[in-house]
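Notes follow the structure.
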Amino acid sequence: MMSKICVYSGSSFGASTEYEKAASAFGAACAQRGLGIVYGGGSVGLMGILADSALAAGGEVIGVIPRAMIAEERAHRGLTELIPVDSMHERKHRMASLADAFVALPGGIGTLEEVIEIFTWLQLGLHLKPVGLLNVCGFYDLLLKFLAHMRKEQFLTCAHHAMLAVESDSGRLLDRLAATQHVLVPKPIHHKSNPGS
Ligand code: AMP
(Lines give C-alpha, C1' and ligand atoms only; values in the text may rest on other atoms or scores of the structure.)
Protein backbone atom coordinates (compact mmCIF):
# COMPACT_ATOMS: atom_id res chain seq x y z
CA MET A 1 0.00 0.00 0.00
CA MET A 2 1.17 3.51 -0.82
CA SER A 3 1.12 5.65 2.33
CA LYS A 4 3.96 8.14 1.78
CA ILE A 5 5.15 9.72 -1.42
CA CYS A 6 8.51 11.40 -1.91
CA VAL A 7 8.22 14.55 -4.00
CA TYR A 8 11.13 16.26 -5.75
CA SER A 9 10.45 19.77 -7.01
CA GLY A 10 12.06 23.09 -7.80
CA SER A 11 13.33 25.45 -5.15
CA SER A 12 12.32 28.14 -7.68
CA PHE A 13 8.83 29.01 -8.88
CA GLY A 14 9.49 28.68 -12.61
CA ALA A 15 8.45 31.06 -15.36
CA SER A 16 4.75 30.17 -15.53
CA THR A 17 2.13 30.33 -12.77
CA GLU A 18 0.92 26.95 -14.11
CA TYR A 19 3.83 25.31 -12.21
CA GLU A 20 2.69 26.87 -8.92
CA LYS A 21 -0.92 25.80 -9.59
CA ALA A 22 0.21 22.24 -10.33
CA ALA A 23 2.41 22.04 -7.17
CA SER A 24 -0.49 23.31 -5.08
CA ALA A 25 -2.96 20.86 -6.70
CA PHE A 26 -0.54 17.96 -6.22
CA GLY A 27 -0.04 18.75 -2.51
CA ALA A 28 -3.81 18.98 -1.98
CA ALA A 29 -4.45 15.76 -3.95
CA CYS A 30 -1.96 13.84 -1.78
CA ALA A 31 -3.57 15.16 1.43
CA GLN A 32 -7.08 14.31 0.20
CA ARG A 33 -5.98 10.72 -0.44
CA GLY A 34 -4.37 10.45 3.01
CA LEU A 35 -0.94 10.24 1.39
CA GLY A 36 1.88 11.73 3.47
CA ILE A 37 4.54 13.74 1.64
CA VAL A 38 8.29 13.36 2.15
CA TYR A 39 10.33 16.12 0.54
CA GLY A 40 13.48 18.22 0.86
CA GLY A 41 12.08 20.37 3.69
CA GLY A 42 12.50 23.72 1.95
CA SER A 43 10.19 26.70 2.26
CA VAL A 44 11.05 28.21 -1.09
CA GLY A 45 9.73 27.83 -4.65
CA LEU A 46 7.49 24.94 -5.69
CA MET A 47 8.76 22.98 -2.66
CA GLY A 48 7.20 25.53 -0.31
CA ILE A 49 3.96 25.68 -2.30
CA LEU A 50 3.65 21.90 -2.28
CA ALA A 51 4.18 21.71 1.50
CA ASP A 52 1.83 24.61 2.26
CA SER A 53 -1.02 23.22 0.15
CA ALA A 54 -0.73 19.71 1.63
CA LEU A 55 -0.62 21.10 5.20
CA ALA A 56 -3.60 23.40 4.50
CA ALA A 57 -5.57 20.35 3.31
CA GLY A 58 -4.75 18.51 6.57
CA GLY A 59 -1.97 16.33 5.14
CA GLU A 60 1.22 15.03 6.76
CA VAL A 61 4.42 16.62 5.42
CA ILE A 62 7.88 15.40 6.45
CA GLY A 63 10.94 17.41 5.45
CA VAL A 64 14.44 15.90 5.32
CA ILE A 65 17.07 18.60 5.24
CA PRO A 66 20.83 18.89 5.78
CA ARG A 67 21.75 20.80 8.97
CA ALA A 68 23.71 23.33 6.93
CA MET A 69 20.52 24.31 5.07
CA ILE A 70 18.60 24.72 8.33
CA ALA A 71 21.37 27.05 9.51
CA GLU A 72 20.86 29.09 6.36
CA GLU A 73 17.18 29.36 7.38
CA ARG A 74 15.92 27.62 4.27
CA ALA A 75 13.82 25.06 6.15
CA HIS A 76 10.03 25.18 6.29
CA ARG A 77 9.11 25.80 9.94
CA GLY A 78 5.52 24.54 9.93
CA LEU A 79 5.96 20.90 8.88
CA THR A 80 4.54 17.84 10.61
CA GLU A 81 8.16 16.75 11.10
CA LEU A 82 11.55 18.15 10.08
CA ILE A 83 14.33 15.55 10.03
CA PRO A 84 17.84 17.08 10.12
CA VAL A 85 20.60 15.08 8.42
CA ASP A 86 24.34 15.56 7.95
CA SER A 87 24.68 15.52 4.17
CA MET A 88 22.85 15.60 0.84
CA HIS A 89 23.61 11.89 0.41
CA GLU A 90 22.08 11.01 3.77
CA ARG A 91 19.05 13.13 2.87
CA LYS A 92 18.42 11.21 -0.35
CA HIS A 93 18.77 7.85 1.39
CA ARG A 94 16.43 8.89 4.20
CA MET A 95 13.82 10.28 1.75
CA ALA A 96 13.99 7.07 -0.28
CA SER A 97 13.57 4.78 2.72
CA LEU A 98 10.61 6.73 4.15
CA ALA A 99 8.58 6.77 0.91
CA ASP A 100 6.58 4.15 -1.02
CA ALA A 101 6.67 6.04 -4.34
CA PHE A 102 8.49 8.98 -5.96
CA VAL A 103 7.33 11.89 -8.10
CA ALA A 104 9.14 14.80 -9.70
CA LEU A 105 7.25 18.03 -10.27
CA PRO A 106 8.92 20.63 -12.50
CA GLY A 107 12.28 21.81 -11.16
CA GLY A 108 15.93 22.44 -11.90
CA ILE A 109 19.06 20.31 -11.76
CA GLY A 110 18.47 19.35 -8.11
CA THR A 111 15.09 17.88 -9.02
CA LEU A 112 16.46 16.20 -12.15
CA GLU A 113 19.38 14.65 -10.27
CA GLU A 114 17.12 13.29 -7.53
CA VAL A 115 14.53 11.71 -9.86
CA ILE A 116 17.12 10.23 -12.23
CA GLU A 117 18.99 8.73 -9.28
CA ILE A 118 15.87 7.07 -7.88
CA PHE A 119 14.97 5.82 -11.40
CA THR A 120 18.52 4.39 -11.66
CA TRP A 121 18.06 2.58 -8.34
CA LEU A 122 14.79 1.12 -9.70
CA GLN A 123 16.58 -0.06 -12.86
CA LEU A 124 19.20 -1.74 -10.67
CA GLY A 125 16.53 -3.38 -8.51
CA LEU A 126 17.76 -1.58 -5.36
CA HIS A 127 14.06 -0.82 -4.80
CA LEU A 128 10.86 -1.68 -6.69
CA LYS A 129 8.82 1.40 -5.77
CA PRO A 130 6.95 3.39 -8.47
CA VAL A 131 8.60 6.50 -9.95
CA GLY A 132 6.74 9.15 -11.94
CA LEU A 133 6.95 12.58 -13.54
CA LEU A 134 4.19 15.17 -13.34
CA ASN A 135 4.56 16.60 -16.82
CA VAL A 136 3.01 20.02 -16.24
CA CYS A 137 2.50 21.92 -19.52
CA GLY A 138 4.94 19.60 -21.29
CA PHE A 139 7.81 20.63 -18.96
CA TYR A 140 9.43 17.17 -19.21
CA ASP A 141 8.87 16.66 -22.97
CA LEU A 142 12.55 17.22 -23.82
CA LEU A 143 13.69 14.72 -21.16
CA LEU A 144 11.14 12.19 -22.48
CA LYS A 145 12.52 12.69 -25.99
CA PHE A 146 16.03 12.08 -24.68
CA LEU A 147 14.95 8.88 -22.89
CA ALA A 148 13.31 7.68 -26.16
CA HIS A 149 16.61 8.45 -27.91
CA MET A 150 18.52 6.45 -25.26
CA ARG A 151 16.16 3.53 -25.85
CA LYS A 152 16.51 3.78 -29.64
CA GLU A 153 20.31 3.82 -29.29
CA GLN A 154 20.11 0.73 -27.03
CA PHE A 155 21.38 2.31 -23.80
CA LEU A 156 17.99 1.88 -22.09
CA THR A 157 15.78 -1.19 -22.34
CA CYS A 158 12.08 -0.96 -23.25
CA ALA A 159 11.19 -2.62 -19.95
CA HIS A 160 13.14 -0.08 -17.86
CA HIS A 161 11.89 2.85 -19.96
CA ALA A 162 8.29 1.72 -19.37
CA MET A 163 8.85 1.77 -15.60
CA LEU A 164 8.73 5.59 -15.56
CA ALA A 165 5.11 6.77 -15.16
CA VAL A 166 4.37 10.09 -16.87
CA GLU A 167 1.09 12.01 -16.54
CA SER A 168 0.09 15.66 -16.76
CA ASP A 169 -2.70 15.36 -14.19
CA SER A 170 -2.06 14.85 -10.43
CA GLY A 171 -4.99 12.48 -9.87
CA ARG A 172 -4.13 10.29 -12.87
CA LEU A 173 -0.48 10.09 -11.82
CA LEU A 174 -1.37 9.14 -8.22
CA ASP A 175 -3.86 6.49 -9.48
CA ARG A 176 -1.21 5.05 -11.74
CA LEU A 177 1.47 4.93 -9.04
CA ALA A 178 -0.97 3.28 -6.60
CA ALA A 179 -1.73 0.56 -9.17
CA THR A 180 1.92 -0.10 -10.06
CA GLN A 181 3.68 -3.27 -8.97
CA HIS A 182 7.17 -3.46 -10.39
CA VAL A 183 9.03 -6.72 -10.71
CA LEU A 184 12.79 -6.94 -11.01
CA VAL A 185 13.96 -6.70 -14.63
CA PRO A 186 17.71 -7.43 -14.70
CA LYS A 187 19.73 -5.02 -16.80
CA PRO A 188 21.27 -7.04 -19.63
CA ILE A 189 25.05 -7.15 -19.75
CA HIS A 190 26.38 -7.29 -23.31
CA HIS A 191 29.82 -8.73 -23.94
CA LYS A 192 31.36 -7.64 -27.19
CA SER A 193 32.90 -10.61 -28.95
CA ASN A 194 36.64 -10.14 -29.38
CA PRO A 195 37.26 -9.96 -33.18
CA GLY A 196 40.82 -11.21 -32.62
CA SER A 197 39.80 -14.46 -30.89
P1 AMP B 1 16.29 22.55 -7.91
O2 AMP B 1 15.37 21.67 -8.73
O3 AMP B 1 17.64 22.72 -8.54
O4 AMP B 1 15.65 23.86 -7.51
O5 AMP B 1 16.57 21.74 -6.57
C6 AMP B 1 15.47 21.28 -5.86
C7 AMP B 1 15.80 19.99 -5.17
O8 AMP B 1 17.07 20.12 -4.51
C9 AMP B 1 14.75 19.66 -4.12
O10 AMP B 1 14.03 18.48 -4.44
C11 AMP B 1 15.55 19.60 -2.83
O12 AMP B 1 15.68 18.27 -2.37
C13 AMP B 1 16.90 20.20 -3.11
N14 AMP B 1 16.96 21.66 -2.72
C15 AMP B 1 17.41 22.66 -3.49
N16 AMP B 1 17.31 23.86 -2.87
C17 AMP B 1 16.80 23.64 -1.67
C18 AMP B 1 16.45 24.47 -0.54
N19 AMP B 1 16.59 25.80 -0.56
N20 AMP B 1 15.92 23.87 0.55
C21 AMP B 1 15.77 22.55 0.58
N22 AMP B 1 16.08 21.72 -0.44
C23 AMP B 1 16.58 22.23 -1.55
Side-chain angles (χ1 to χ4, degrees), residues 2-15 19-20 22-31 33-136 139-140 143 163-165 170 173-174 177:
M2 200 165 87
S3 78
K4 283 192 183 61
I5 186 158
C6 175
V7 185
Y8 309 119
S9 69
S11 55
S12 309
F13 293 99
Y19 301 133
E20 295 176 38
S24 177
F26 192 80
C30 290
R33 288 168 184 237
L35 259 179
I37 289 176
V38 177
Y39 85 119
S43 59
V44 288
L46 297 190
M47 299 174 82
I49 290 183
L50 168 85
D52 287 341
S53 70
L55 291 165
E60 176 193 42
V61 184
I62 300 171
V64 184
I65 190 160
R67 285 187 173 83
M69 280 191 180
I70 301 181
E72 290 167 18
E73 303 208 17
R74 295 197 203 170
H76 192 299
R77 294 297 177 171
L79 302 178
T80 316
E81 189 182 355
L82 188 68
I83 303 177
V85 290
D86 288 326
S87 67
M88 292 298 275
H89 282 102
E90 190 188 343
R91 170 201 243 178
K92 290 193 287 180
H93 271 280
R94 186 66 84 86
M95 286 165 75
S97 63
L98 286 169
D100 307 299
F102 306 89
V103 163
L105 307 186
I109 53 171
T111 303
L112 184 65
E113 187 258 349
E114 289 170 320
V115 73
I116 292 296
E117 180 177 64
I118 209 71
F119 186 35
T120 308
W121 291 0
L122 173 59
Q123 177 181 253
L124 292 171
L126 299 180
H127 70 82
L128 291 174
K129 301 172 185 178
V131 179
L133 299 177
L134 187 66
N135 194 17
V136 182
F139 177 77
Y140 280 113
L143 175 64
M163 283 177 159
L164 185 67
S170 297
L173 182 58
L174 290 172
L177 297 177

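Hydrogens, waters and symmetry mates play no part in the numbers below; they use all other heavy atoms, side chains included. From a predicted model like this one, the values you see are computed outputs, not experimental measurements.
With Arg91 contributing its side chain and Val64 its backbone, the two residues share a donor-acceptor pair below 3.5 Å. Thr120 contributes a side-chain N or O that, together with a main-chain N or O of Ile116, makes up a donor-acceptor pair within less than 3.5 Å.
Smallest separation of non-hydrogen atoms from Leu55 and Gly78: CD1-O, 3.5 Å. In terms of heavy atoms, Met47 sits closest to Gly40 at CE-CA, 3.6 Å. For Ile49 against Ala23, the heavy-atom pair with the smallest separation is CG2-CB, 4.0 Å. Counting all heavy atoms, side chain and backbone alike, Trp121 lies closest to Ala96 at CZ3-CB, 3.9 Å. Nearest heavy-atom pair, Ser3 versus Asp100, reported as atom, atom and distance to 0.1 Å: N-OD2, 2.8 Å. Shown here for Ala51 and Leu79, the closest heavy-atom pair between the two residues is CB-CD2, 4.0 Å.
Residues passing the side-chain contact (heavy atoms from CB on, under 4.5 Å) test with Thr111 are Tyr8, Ala104, Tyr140, sequence neighbours excluded. Remark: Glu113 engages Lys92 in a side-chain hydrogen bond (donor to acceptor under 3.5 Å, both in side chains) (not counting sequence neighbours).
The environment of Arg94 atom CZ is sparse: at most 12 non-hydrogen atoms of other residues, nucleotides or ligands sit within 6.0 angstrom.
Once rounded to the nearest 0.5 Å, the distance linking CE of Met2 with CG of Leu177 reads 5.5 Å. Distance CG/Leu112 to CD/Glu117: 11.5 Å, rounded to 0.5 Å. Taking OG of Ser170 as the reference point, atom CG of Leu105 lies at 7.5 Å (rounded to 0.5 Å). If you take CG on Leu164 and CG on Leu133, they are separated by 4.5 Å, rounding to the nearest 0.5 Å. Between Ile65 atom CD1 and Met88 atom CE the span is 9.0 Å, to the nearest 0.5 Å. With values rounded to the nearest 0.5 angstrom, Tyr39 atom OH is found 7.5 Å from Leu50 atom CG.
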Evaluate side-chain contact (heavy atoms from CB on, under 4.5 Å) for Ile70 paired with Arg77, printing each intermediate quantity in order. CA-CA 10 Å; Ile70 301 181; Arg77 294 297 177 171; 3.5 Å; yes
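Contact of the Phe102 side chain with the Val115 side chain is not registered, since no non-hydrogen atoms from C-beta on lie closer than 4.5 Å. You'll find the side chain of Ile37 stays beyond 4.5 Å of the side chain of Thr80, heavy atoms only. Taking the side chain as every heavy atom from C-beta outward, Ile118 and Leu122 never approach each other to under 4.5 Å. Between Met95 and Val7, every side-chain heavy-atom pair lies at or beyond the 4.5 Å cut-off. For the pair Lys4/Leu35, no side-chain contact is recorded, criterion being any heavy-atom separation below 4.5 Å from C-beta on.
Sorted by first and then second residue, the side chain to side chain donor-acceptor pair (under 3.5 Å) pairs with a member in residues 125-134 form an empty list; sequence neighbours excluded.
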